[in-house]
Structure formats: C-alpha cells, structure tokens
Amino acid sequence: MSIKKIITVPNEILRKKSVTVEKIGKNEKVLIKNLFDTMYNSKGIGLAAVQIGIPKRIVVIDISKENENKSPLCLINPIIRQSSKETSVYEEGCLSIPDTFLDIERPKIINIEYINIDGKKKEIQCDGLLSTCIQHEIQHCDGKLIIDFLSKLKKDILIKKLKKKSTSKITV
Ligand code: NI
C-alpha cells in the first residue's frame, strides 16, 4: 500500500499536458496501484497520474458507492471518440482543489477508447456519473481543471482564496 501526496492548485504541475504511455511496464503497474491506493484513501471517485506528480496519461476511477462492491477501472491513454449533444450537470469536486464544488455541464454520453492494464485496446460507451468522471479525468491529462469553466474573475478570486489557505499556518 502506497499512498501518495495529492498535488493541489495552484501547483503548475497540474497544468502540464500528460504524455502518452508507450509501454505498460513495472513502473506503470506500480503507479496504477499507487493511484488506486491514493484515490481510495481520499475517498475520491477518480484520480489522474498527474495529480500525484507523474504526467502520464493514466487515470483510475471507481464510482461504486461505499456499501457496494468496488469496481476499479483503469484507463491508459483514454481518448473521447464521440460525445452526445445532450448534456448533464453534476456538482463536481476535485481532489486537487480542496473544498470547492462547481456545477459543470458536460456531454451526457461519450464513447471512449483506451488501453487497459493488460495492454488491450478497449472501447466503451459511458453515461451518467461515469461519463462525467471520465471527462473530468481526461481533462486532468490535458492540464485542465474544473475551475477553468469559471469566468476569469471568479477563477482568480478562487485561486487567491486557495493560495491563502495552503500557506496559512498557525503559530502557537
Ligand atoms: Ni480532479
């Protein structure tokens, strides 16, 4: 079990475009295990490798509820092939942006292609929460965050607030 530190805004690493994974070797397998451990430990439903400081196109997801069996999903080099015109709105949070929840409108249904942990090419169609979660994680791989959906003014105010929070220390 290896829980890694999750990087938070405004760390510039989060703005890096992650690189395509060419080969799934030992390092990648350890990384995937660490991503799952870190995500479950933080009670998140998705985590991208860049969020623990490794800008490779790998994301892990598990949208199962606490009282349900786990359903871990690992996507390597995920690409959206099709998105529906119909949209849905979820209130989204992000492990890299503490205490912030925003209503985000995204395509409701997407078709994606990805490589699984065994190196096999897969294609799936996703709807609902899974679709939203995958889109959120793919945006991490491209250096985009949910705060980018806000106007520049709102975004600046929020980042300022978060900066203050991450640097405030108590002296006793
Ligand atoms: Ni996130």
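Just follow the structure's listing: the first ligand is 1, and inside any ligand the first atom is 1.
By the side chain to side chain contact (heavy atoms under 4.5 Å, CB included) test, Ser64 pairs with Asp62, Glu68, Ser71, sequence neighbours left out.
The side-chain hydrogen bond (donor to acceptor under 3.5 Å, both in side chains) analysis of residues 115-124, with sequence neighbours excluded, yields no pairs.
Excluding water, every protein N/O/S atom under 2.8 Å from the Ni ion (ligand 1) is given here by residue and atom: Cys94 SG, His136 NE2, His140 NE2.
For the pair Asp156 and Lys152, the salt-bridge criterion is met [side-chain N within less than 4.0 Å of a carboxylate O]. A salt bridge links Arg15 with Asp148; the closest basic N to acidic carboxylate O contact falls under 4.0 Å.
Within 6.0 Å of the CD atom in Glu91, the count of heavy atoms belonging to other residues, nucleotides or ligands exceeds 12.
In the hydrophobic clustering, Tyr40 connects to Ile6, Val21, Ile24, Leu31, Ile32, Leu35, Phe36, Met39, Leu47, Ile52, Ile54, Ile58, Val60, Ile76, Leu95, Ile115, Ile117, either directly or through intervening members, whenever side-chain heavy atoms lie under 4.5 Å apart.
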